[in-house]
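Residue numbers start from 1 in every chain, and the chains themselves are labelled A, B, ... in the order their sequence lines are given, proteins ahead of strands.
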Amino acid sequence: MQLKKTDLTGALKILAADASVFVPGEIEGIKRFVLWDGESDVDLGGANTQLPPKDILFPCTEKMYNYKMGDSIEIKEIVEKPRQVIFGIRPCDMRSIDCMDHVFLEKGFVDSYYSRKRENVTLIAMGCTTPERTCFCDSMGLDPNNAPNADVMMNDGGDTLVLEAYTEKGKAVLEALNGLLSEGGQAKKDTACTLKVNMTPELPEKLAGMFDHPIWDEVTRACIGCATCTYVCPTCYCFDIDSDNHGAEGTKFRCWDSCMFSDYTRMAGGHDPRPTKKERVRNRYMHKLSYFHERYGQHLCVGCGRCVEKCPAHMDITMFIDKAAEV
Amino acid sequence: MSRIGVFVCHCGTNIAGTVDVARVAEAMKAEPGVVFATDYKYMCSEPGQQMVKDMIKEHKLDRIVICSCTPRMHENTFRKMLKDTDVNPYMLEIANIREQCSWVHTDKEKATEKAIALARMAVAKVGRDFPLFTSTIPIHKKALVIGGGIAGIQAALDIADAGYQVTLLEREPSIGGRMVMLDKTFPTLDCSACISTPKMVEVSAHPNIELRTSCELEDVSGYVGNFEVTIRQKARYVNHDICTGCGLCETKCPTKVISEFNQGMSERRAIYKSFAQAVPAKPVIDPDHCRKLQEGKCGVCQAVCPLKAINFEDKDTTFTDTYGAIIVSTGYQLIQWQDLYPEYGGGRFKDVISGLQFERLVNASGPTEGHILRPSDQTEPKDVVIVKCVGSRDPKKGKSYCSRACCMYAAKHAHQILEKIPDSNVYVFYMDVRTPGKGYEEFYDRTRKDGANYIRGRVAKIYKEGGRLICRGEDSLLGRQVTVEADLVILETAMVPADGIGEVVHKLGIAMDADGWVQEAHPKLRPVETQTAGVYLAGTCQGPKDIPDTVAQASAAAAKVCGLFSKSEMETSPMTSKVDQSKCCGCGHCEVCCPYKAITLVEIDDREGPKKIRRTVASVNSGLCQGCGCCAAACRTGAIDLLGFTNDQILREVDALCQ
Amino acid sequence: MGEINHECTCHGNPLVPQVVKVIKITQETPDVKTFRMQTPDGKKPFAPLPGQLGMISVVGVGEGMFSITAQGEDWIESSIKKVGMLTEAFHELAEGQEIAIRGPYGNHFPVEALKGKDLIFIGGGIGLAPVRSLIRYCMEHREDYGHIDIVYGSRSPEDLCFKEDLFQNWPKEKDTRVEITVDRGNETWEGNVGFVPAYVEELAFSPENKKVILCGPPIMIKFTSEALVRMGFAKEDVITTLEMRMKCGIGKCGRCNIGSKYVCLDGPVFNLAELDELPDEK
Amino acid sequence: MSSIIEELQSTVKKLLEDGTVGYVIGWGATRFPDRTTPVFITRPEDAHKLVWNHYCVNGTAKYALDDRYPEKKIGIIIRGCDSRAVNRMIQDNQLKRENLYLIGIPCDGKENPVCEGCQHKNPLVYDVLIGTPVEEKINPDRFKEVAEFEKLSQDEKYEYWAKQYDKCIHCYACRNVCPACNCKECYADQYRVGWQGKQNNRNSNQVYGLTRAFHVGDRCIECGECERVCPMGLPIMRQTKKMLKDINDLFGDYECGLNDSRPHVLGEFDLQDRDEFM
Amino acid sequence: MSVKRDENWEPQILAFCCNWCTYTGADLAGLNRMKYPENVRVVRVPCSSRVNPQFILRAFQKGCDGVLVCGCHPGDCHYATGNYFTRRRFMLMQRLLEYNGIDPKRFQARWISGSEAAKFRDTVTRVSQEIKELGPNKKFQEEWYSEGGAGNE
């Protein structure tokens, strides 16, 4: 099916009728997913959003429950099941949602807050046409033109967007848009990254054996210990839980946390299993490239290149991968 | 969670008349941590206090909030009350619902709401109180008096007479200070030396006084009751243990030096006593002028000394002692007018002298044996001009303050001249005549009757013409220029703090005012104390004053010291600053803003990973800390905090206010 | 280790705690208290297996992961040592006050695999708390297990936790020996004085048909496991529990990982051989 | 330029060979020609990895804080701004001069807008200087941007900052890169004390922004690293510059990180300070 | 928080008062039965230099409409020099707040001695009036407060 680009606003209006639709846009000079306001431009081309859409499903601050203190305690869970659509999400970010699904929905417990949002979100993905010089998703085993876990996959067909439903949810979307769609449409699906990284299939296991390798002394030193890489990363999912009191009432919330922070693993008594940035950066790289793979069978790095682009110290995970592949 | 009890006082109708106290108590029951709340007629009364004690037992309370009058009134009452209970006296907060609520508001509804808010703030704060304990520090009953002028002498004698040990420190070879240089004292015209030298002798003979001359303060650490003081004994080159003060050496010494004591108007030797009645009455060698010490030649004194008391190898030594209290009595000096007043000749005219030079001139033991002879030609002056306020009350060139004693000694000088030189004329240029003191106005009147001509106005210029000094000025009463020819001009110059006061102040951690005088703790109520507990002030180091005021202040300071020494230990407030050294980065921002020098940077052993390191952190001397909390607000990281007013507590008070 | 038991007891959302009432507080040592908890309607909040954890919160102050040290028909217990702000808030609780708990979390001691073995429990300080749940379990199923040795040490006699169990209950049990040592004795202390690792070597256990359950401060675990290995114990036969900073308790928040393992989910119980496999970041 | 690189590399090589320093902090190449990254040269034979070009933007000095107690001296290649950072950290008692070997290199401005207003292109302190000093110029527009902003209405100002702080992602890069942010544990990390919650929202970002401005404003060396590293492009310097501007207006000429030991302006007072609170 | 919008809206004003001067002055105002608006609440601190500028931010965050810091007159500080630091800190803080959109009337500092009960009354009355005219402060306020409390269903 195909949708004329001129009909895009019409299509979004249909989607926005009963859901919050998030589209790539710009706020104060930052390209990111924004709540579509009914008329603003949708920036499907160009560079990918500077911030990933992960806060739509995993908000950077998420209220969990309210409580009242006193003689008897009351606890009231906050249940939100917002109907949301993420429109124009690229394959790299789609893969990150796959990673999140593994984390929050598998291995024992199901995270209720994530699952409620996940169940009620429709993911309309867009094949990438314009990789940045820092993009390397195809080296990480992704196809920049396709996102298998999308509800609807879109690709650029010149004047049109070529749509294909992958799921029941996706089919429902196409049905809703039926009036604007026409049959056919041929999209170019030949996008490839210019940055090629030597991510060998053996690397996860190889890295597992490199825990004490001197390479870590070298690649971790430029780090300044900020959370930029983790907060712009579409797959980083670590969080903290804290409370906000107001007199006898309060809210428990969770918020993003970063394994790069110096107090992340420090315990009450002062002991810290990861006391310096060497351990922290090592843990992050290992988590992205080895630990996660061991636990869930896929990389936690999707090759979006955001951390490469944004790192204040210009550290580069791709350089590390290449280096590690060589040792 | 804590177990807080809230007690709301009616204060008769003082509070209950405007505030619905029952509602306040009821509202507090809903606050987190509050397990008991009630109201009562008079919380401070015996039964009121008993009820608190009972409720502490009954409800196992661990923290108390009392809503009543200002904490300035009864905080201590209730703290004392808690001493007999299981609750720490510092686990108490008082909500001021009388002075700052019921008495200033009339609308009962609004006043009650405010009282609830104030109570809530106190509950929030008390929830973050933790037990604090007063500690006692022993008091070392020995005082140090810095400066052996009349102030120091008086203070030392008073303390010593009370039975306490005193060390009197003097940087010059003899005690006596300025007073012993004066000829007569106003208004009674007592001989100054006659009344001060017996006191000097008394000092040297007093069993409780250790006299330390030629000594300077090297270092001070510690706090009230326990100051560790290091004193530098300057080399004297004369062994005072052996020397009997026979004076033979002095007569044989070939080197002549300008006499400081006689204000440059006579000479002394390189080995010398400052003046005849010096205490100790033993000479020292002036190393800057001694030929043996400078050039390695001479050594006459050593040769003539019958007791072999001369030791050219003598070195500065230091010694350390512990003192419970310190009195600063470093005195004053006269302003260096020569640089400030080129229009008065800037020191080029020999016959323009300072008041202190005149004192020596008129003194029987002075360079002229009491004859007023002008320095240039040793003739008796007939026309004498006295200029007051040279450097005082002159913010442009000198000091803005009044030096307080000059009006009177100018009158005294005029009187002395008129008395000793019967046909002389004395002209006094003045701005105002200030004579607040017993018998002062009368003395001034007498001087005028004696014939002194008082001219209101400043002298603009003094120049020499034909061997005489021409003083041109203005008579502001008549509004015209006046010119007076004089043989001698006496400048009554401003008092300024003694040289080196800055170092003393710095070492003691006390403050100076803008003019360099030592800052008293409170100008009205604590005039002899400094903001450092255990350090007191006597005499002109605190500001210009005359002899009776100086002596009075010295005795006052001594009384303070004796009061302190009357106890063997003292309680210290536990509400002092405390450093969490694990957080402290040692930047020292707290150190620079502490008014008490209570914070020092120290090195501690620490670990950084596997590495053993020495790390710099701030450390609070709780004996010195007075609990202002300036440091806590300067600390970015919150490593230093003020117990009793912690960051956490104030934040919670703010939070509670806004609910 | 034991099968992971991810039964969620908290109305479907594993991150929302249930309210429990503190029904009994026991002062174990000057800085350790045991809190017995029960739901407001008098029930047991959940039934943990030995070694499992509970995320307990003083509502409004914070929550922390603690080992469930004992359980009865209608209650569970946890022992908490005062180390920081949260634990201080616990120590200020009075009986009858309400707190909140979620769990149980983590794996548990391999109660099945231990069957038929002689067991040596070694605890140091508050480290006896997690082991206590297993000791109690074994006492309840006494026939399933062989000889039991309980070796426990603390800094001083006052710091010994669970004194009633140590001196009265456990020594009375069949085929059970309790050995106690303290780092520093006092006037009335007649027992052994010395550190746990040395004491263990002194007791000269033979490794045959034995399993060791070891828990205590990291330094004590380190030296005791070295001693045990010297004494011939296989690393597989020495079981211990790990402590890491935990927030979510359900293997999501990412904080407590050692390599690819999450201590809150895959732990806290590991044997020494398993620990050797993990990166050295504990 | 190339001769400077050679001089730089040979100097570093020699310092490592003769054991003067344990390692040298400088700039090295990345994948991209217009980007460099801080490198730590420990072996003489690696000295050739050092680069010096228009893209050496990262501050080098703060890395010394990772190694406060070095066995050997730390060599740092410093530009003017880095030298002020070194001074800053020495004045704050965080570094000891004797632990540092400073390799100064005059800087002609880098790919960073802040360099245009730089008043100290030449290192103020160094042990060895590579190349020759460049001409310094006074920046008459040092506070121009602030002055312009001050003209806005209060509501406009608030709106502007609110939009900016809405973007903040709490990554703390601005703090971690700042040589004046040298606390052992930042107040913002002490959630338990309750200065600030961990939640990310406009308000807590605003409070963080203002608090940071106040914490570092009177010690800011104007290196602009905070603004450079901000992944969300917040004009962070505009806050600290405001502090500096007011300090200059109220308390006289003031620039931080110079070779003097004047205490920072909030660590001292003058009896004659202007009094607006009468 | 609907109260805030109606006509009887009363501002919330926080005054940090140093124990030795302004707090005493406020007590004296009470002793003399002077009247001033109820909306001023005093937090007692030992010295105005104890007031960390972050406390001011916190007050706005939690919903205060105005904040006052009061201490001894320069030269009269019980702790000798504390208020000189106060003066510097808050001159800068006030400007920084203005730069971020907070009206300087909302944050003021004043020297009020222990005898100046009337000055205390006049100051808080004037500040209260000024802030009433400015209306409720929304700037820098945390979400919780502006939303209207916890537990909204």
Side-chain angles (χ1 to χ4, degrees), chain B residues 124 127-128 511-516 519 579-595 599-618 630-641 646-656, chain D residues 22 62 65-71 88-96 99 175 178-197 203 207-208 210-220 240 243 256 261-273:
Chain B
R128 295 304 171 130
M512 283 194 297
D513 65 20
D515 292 310
Q519 183 76 51
V579 180
D580 178 347
Q581 297 188 330
S582 70
K583 277 190 206 163
C584 178
C585 67
C587 68
H589 291 185
C590 50
E591 186 198 18
V592 292
C593 70
C594 177
I599 303 173
T600 45
L601 294 179
V602 297
E603 288 211 330
I604 55 163
D605 289 316
D606 200 0
R607 291 183 159 277
E608 193 185 56
K611 212 191 240 173
K612 275 189 182 170
I613 54 166
R614 296 279 291 166
R615 194 160 70 79
T616 303
V617 294
C630 193
C631 51
C635 182
R636 293 167 283 145
T637 190
I640 190 163
D641 213 343
T646 61
N647 289 327
D648 189 22
Q649 287 182 309
I650 298 177
L651 288 176
R652 265 155 225 279
E653 273 187 281
V654 173
D655 291 359
Chain D
K62 197 164 182 198
L65 286 190
D66 291 337
D67 191 7
R68 286 167 196 248
Y69 310 97
E71 274 151 29
R88 168 81 277 143
M89 291 185 281
I90 290 174
Q91 283 159 11
D92 287 342
N93 278 344
Q94 303 303 308
L95 290 178
K96 290 203 169 86
N99 286 337
R175 173 191 73 188
C178 175
C181 279
N182 45 39
C183 287
K184 195 154 178 282
E185 189 180 351
C186 178
Y187 94 98
D189 286 344
Q190 298 171 25
Y191 307 106
R192 286 278 155 245
V193 182
W195 286 115
Q196 189 170 339
N203 177 254
V207 169
Y208 167 71
L210 250 74
T211 307
R212 202 190 96 82
F214 202 83
H215 278 185
V216 305
D218 67 330
R219 296 176 301 115
C220 171
T240 46
M243 284 279 288
C256 297
S261 53
R262 185 182 168 184
H264 60 109
V265 83
L266 289 177
E268 57 176 9
F269 64 85
D270 188 329
L271 296 174
Q272 309 308 324
D273 281 341

Exercise for review: Kindly determine whether B:T637 and D:Q190 satisfy side chain to side chain contact (heavy atoms under 4.5 Å, CB included), including the steps that lead there.
Suggested key: CA-CA 9 Å; B:T637 190; D:Q190 298 171 25; 3.4 Å; yes
Check your understanding: Looking at SG of D:C181 and CZ of B:R636, how far apart are the two atoms once the value is rounded to the nearest 0.5 Å?
Key -> 7.5 Å
Point to revise | Residue, of B:C590, B:G638, B:S582, that accumulates the most heavy atom pairs under 4.5 Å with chain D | key: B:S582
Check your understanding: Does D:K184 reach the main-chain N or O of B:A639 with its side chain, forming a donor-acceptor pair under 3.5 Å?
Key -> no
**Study point:** Interatomic spacing from SG in B:C635 to OH in D:Y187 - rounded to 0.5 Å
**Key:** 13.5 Å
Check your understanding: Of the backbone (N, CA, C, O) and the side chain (C-beta and beyond), which part of B:R615 lies under 4.5 Å from a heavy atom of chain D, both, or neither?
Key -> both
Revision key, fill the gap. Heavy-atom nearest pair, B:K611 first then D:D67, reads NZ-OD1, 3.9 Å
Check your understanding: Can you say whether D:N182 sits under 4.5 Å from chain B via the side chain, the backbone, both, or neither, judging by heavy atoms?
Key -> both
Study note, to complete from the structure: Residue from B:L601, B:I613, B:D655 scoring the most non-hydrogen pairs under 4.5 Å with chain D is B:I613
Revision key, fill the gap. One should read off an interatomic distance between B:E591 CD and D:N93 CG, to the nearest 0.5 angstrom, of 8.0 Å
Revision key, fill the gap. Separation between CD (D:E185) and SG (B:C584), nearest 0.5 Å, reads 12.0 Å
Exercise for review: Go through D:R219, D:Q94, D:Q272 and name the one with the most non-hydrogen pairs under 4.5 angstrom from chain B.
Suggested key: D:R219
Review point. What part of D:D270 is in contact with chain B, defined as an atom under 4.5 angstrom from a non-hydrogen atom: side chain, backbone, both or neither?
Key: neither
Study note, to complete from the structure: In short, B:A514 meets D:L271 closest at the heavy-atom pair CB-CD1, 3.7 Å
